Structure formats: structure tokens, C-alpha cells
Protein chains: 2
Amino acid sequence: MMECKQKKPSKETILALGDAIELLRGKWKISILRNLSFGEMRFKDLLVAVAGISPKVLSKELQDLEQNLLITRTVNNTKPITVSYAITDHADSTVPPIINALLEFGLNHRKKIMAHSQVEQL
Amino acid sequence: MMECKQKKPSKETILALGDAIELLRGKWKISILRNLSFGEMRFKDLLVAVAGISPKVLSKELQDLEQNLLITRTVNNTKPITVSYAITDHADSTVPPIINALLEFGLNHRKKIMAHSQVEQL
DNA sequence: ATAGTTACTTTCCTAAAGGTAACGAATAGT
DNA sequence: ACTATTCGTTACCTTTAGGAAAGTAACTAT
């Protein structure tokens, strides 16, 4: 397993980390961005794909992400109006690495937790 | 700039991502882990290093991280008692990549935001 | 006229997160 | 006895996040 080099704790670094945490905080934003990283989606599709989210919360999160230039919102002139959401280029190049790192962490954590509870039963 | 391959949306993947988000949620956990990734630290050092955190919140976050096996707590028998916190091996191999990805994202975002507001002023 | 679809918004409420300030317990120094 | 240090806890309060349920608006089909 590879270790990762750490950047020096400069002021800029700490600010950037704070920004990232604030922009992506909460239960839903990462999942929404992950779904959009596979291709653009409409509101209702996201409502299904992001399991458990309510329309109110989805709407609010999407507005938030749009304001921060992480996604775009496009109104299509279709029979019943549809709206497409897409991840922006700049988010698409920096968010997937975060998701993959979280995934690694999550999978590894599950293993460790299971090993730990095995030991506790002895 | 390199694009990152995405894993297929299997059930396990979605669960792992959910775990990761839940374990690392909030304003402080990532910063605490980042500081500990440079080496073990005592309570009071963390109180200074994690700028803005209060003793109450730090205490709670540390308990949380310990319960989830991401850090260890060691009481040293020194003159006034001291307590050392250290990141666990398994967290130390999976958390820094997350932090670096967040850093990349944060730095890149700052650039884009500044470029954007430049344009708006024209 | 009625019903369905899509994309929300509104209201109301609860729970979790977070902040402030003061206090406590153990130990040691003077 | 008094003060200082370290590592917290307790009580109280405000803010933010999030969930449930219903409603709205625009349009289409029947």
C-alpha cells in the first residue's frame, strides 16, 4: 500500500482545506456530484439515484452547488419542461479523486471494523 | 491534468461511500486527522493547531474518532498528566489521500472563483 | 374538465452540530 | 494555603441540517 506525501501546512493550504470542507459538507453533496460525474441527469432521476433524499433538500443542495460553480443547470424546452444538471469541467477534474479516496477509506474501514469485532468475540 | 477512473455503482461501493461521509462529517474531523498525520499530539497542542475549536468540541470529536478506531488515546504519567493522541495505521494509510484530494480541489476552486469574479467585473 | 408529469416551493418540525463560559479533578510547585 | 498546568466536563443557548407532507405552476394528454 502506498503512502501519500503531505503538503506543508502553509496558510494557503489550510484555507484551501477549509474551503473544500465547507463546500462539500453535509450528507448529500458528494453523492450528488458522484452521480453527475457519470453524466448529466434530470431532477427526478437524481431524486431516485440519490437514495433517501427529499425534493426540498435536493433542490437546496443543487442551488448551493450551482452557486459555487460545481454544477450547471439547463432548462430544456421539452413537452413537460425538464431540467438537466451537469458537473462543471473544473469540478469533474477534482471531485472524482476525492470520491475515490473516500471509497478506499470506506472499504478499508469496513474490513478493519469487521476484523475488530471478530477479535472482541474471542 | 489526469482524470480519475470511477468505480461502478455497486451496492458495496455506495455503502462504503456512505460510511466514509458519515465518519468524517463535520467541520473539524479532517483537520484533526491532518494534524495527527504529522505525528502524535497532546490535547492542548491540538487545541492550538486546530484553529478555532473549543475544548468541548475537541473532546467530543476525539472520542468519536477513537470509537471508530481512527485514532488512539494514550495517557502518559508525566508531572501534570498528559494525553497523547495518534492516528492509527489504518487511518494513516487512507486518510491522507482524502486530504490531498480535498486540498487539490480547494486550491483549484479558489483559482476558478477568482477568475470568475474577474470576468464579472468587465 | 380532469388527470398526469416535471420541477420545484412552502410550512412545520426535530435533531444534530457547534459556540460560550464557567467549573472540576489531579498533580505539583512555592 | 495558594497558584498553575493539563485535560477535560457541564450547562446553556443558537444555528444549521435535514425530514415529512402538502401545495404550486406550467404544460400535455384524454
Side-chain angles (χ1 to χ4, degrees), chain A residues 14 17-36 39-68 70-87 102, chain B residues 14 17-36 39-68 70-87 102:
Chain A
I14 291 177
L17 188 58
D19 283 3
I21 290 170
E22 201 178 316
L23 286 168
L24 301 176
R25 255 214 277 188
K27 194 175 176 181
W28 302 112
K29 292 206 180 68
I30 296 274
S31 301
I32 293 169
L33 290 170
R34 188 175 114 93
N35 276 284
L36 293 180
E40 66 170 37
M41 294 179 79
R42 288 176 301 137
F43 189 85
K44 217 194 174 185
D45 296 334
L46 280 168
L47 215 44
V48 174
V50 183
I53 201 169
S54 72
K56 172 202 148 181
V57 174
L58 178 57
S59 174
K60 188 211 150 211
E61 298 291 65
L62 289 171
Q63 285 173 24
D64 225 49
L65 292 170
E66 195 195 354
Q67 273 184 18
N68 290 315
L70 301 179
I71 63 170
T72 58
R73 195 186 102 110
T74 313
V75 179
N76 313 306
N77 54 344
T78 48
K79 306 95 191 251
I81 202 173
T82 57
V83 181
S84 296
Y85 294 92
I87 195 167
L102 286 170
Chain B
I14 290 179
L17 188 58
D19 283 3
I21 290 170
E22 202 177 315
L23 286 169
L24 301 175
R25 257 215 277 190
K27 193 176 178 181
W28 303 112
K29 292 205 180 71
I30 296 274
S31 301
I32 292 169
L33 290 170
R34 189 175 114 93
N35 277 284
L36 293 180
E40 66 170 38
M41 295 178 77
R42 288 176 301 135
F43 189 85
K44 216 194 175 186
D45 297 334
L46 280 168
L47 215 45
V48 174
V50 183
I53 201 169
S54 71
K56 172 200 148 182
V57 174
L58 178 57
S59 173
K60 189 210 147 209
E61 297 290 66
L62 289 171
Q63 284 173 24
D64 225 47
L65 292 170
E66 195 196 354
Q67 272 185 18
N68 291 315
L70 301 180
I71 64 170
T72 58
R73 195 185 102 110
T74 314
V75 179
N76 313 306
N77 53 344
T78 48
K79 308 94 190 249
I81 200 173
T82 57
V83 181
S84 296
Y85 294 91
I87 194 168
L102 286 170

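Note that the structure is predicted; figures quoted are calculated from it, not measured. A note on names: the letters A, B, ... follow the listed sequences, proteins ahead of strands, and every chain is numbered from 1.
- One atom, CG of B:N76, and another, P of D:dC7, lie 9 Å apart when rounded to the nearest Å.
- Residue B:L33 holds its CG atom at 10.0 Å from CD of B:E61, rounded to the nearest 0.5 Å.
- Put simply, CZ on B:R73 is 12 Å from C1' on D:dT6, counting in whole angstrom units.
- In this structure the side chain of A:L58 reaches within 4.5 angstrom of the side chain of A:I32, judged on heavy atoms.
- Open room surrounds CD on A:E22; 12 or fewer heavy atoms of other groups in view lie less than 6.0 Å from it.
- For the pair A:S59 and C:dC8, the criterion of a side-chain N or O lying under 4.0 Å from OP1 or OP2 is not met.
- For the P atoms, the distance linking C:dT20 with D:dT6 amounts to 22 Å, nearest Å.
- In this structure, the CZ atom of A:F43 is 8 Å from the P atom of C:dA7, given to the nearest Å.
- Put simply, CE on B:M41 is 14 Å from P on D:dT6, counting in whole angstrom units.
- Nearest to the side-chain atoms of A:T82 among the listed nucleotides C:dC8, D:dC7, C:dT6 stands C:dT6.
- Two residues are said to be in side-chain contact when any heavy atoms from C-beta on lie closer than 4.5 Å; A:L62 and A:F43 meet this criterion.
- Whole-Å rounding puts the A:K44 NZ to C:dC8 P distance at 13 Å.
- Using a 4.5 Å heavy-atom cutoff, the side chains of B:M41 and B:L36 are in contact.
- Atom CD1 of A:I21 is separated from atom NZ of B:K29 by 11.0 Å, given to the nearest 0.5 angstrom.
- Rounded to whole Å, atom C1' of D:dT6 lies 14 Å from atom CG of B:N77.
- Nucleotide D:dT16 holds its P atom 13 Å from the CG atom of A:D64, rounded to whole Å.
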*Contact pattern, 5' to 3', of nucleotides 23-30 of chain C - B, S or - by protein heavy atom under 4.0 Å*: ----SS--
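- For A:Q63, whose side chain is taken as the heavy atoms from C-beta onward, the closest listed nucleotide among C:dT6, C:dT9, D:dT6 is C:dT9.
- By the side chain to side chain contact (heavy atoms under 4.5 Å, CB included) test, A:D19 is found to be paired with B:R110, residues two or more places apart in sequence or in another chain being considered.
- When rounded to the nearest whole Å, the span between CG of A:L65 and P of D:dA17 equals 13 Å.
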*Summarise protein proximity over nucleotides 10-20 of chain C in one line of letters, 5' to 3': B for base, S for sugar-phosphate only, - for none, counting protein heavy atoms closer than 4.0 Å.*
BBB----SBBB
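- Distances shown here put a side-chain N or O of A:Y85 below 4.0 Å from the OP1 or OP2 atom of C:dC8.
- Looking at B:N35 and B:D45, their side chains never come closer than 4.5 Å, going by heavy atoms from C-beta outward.
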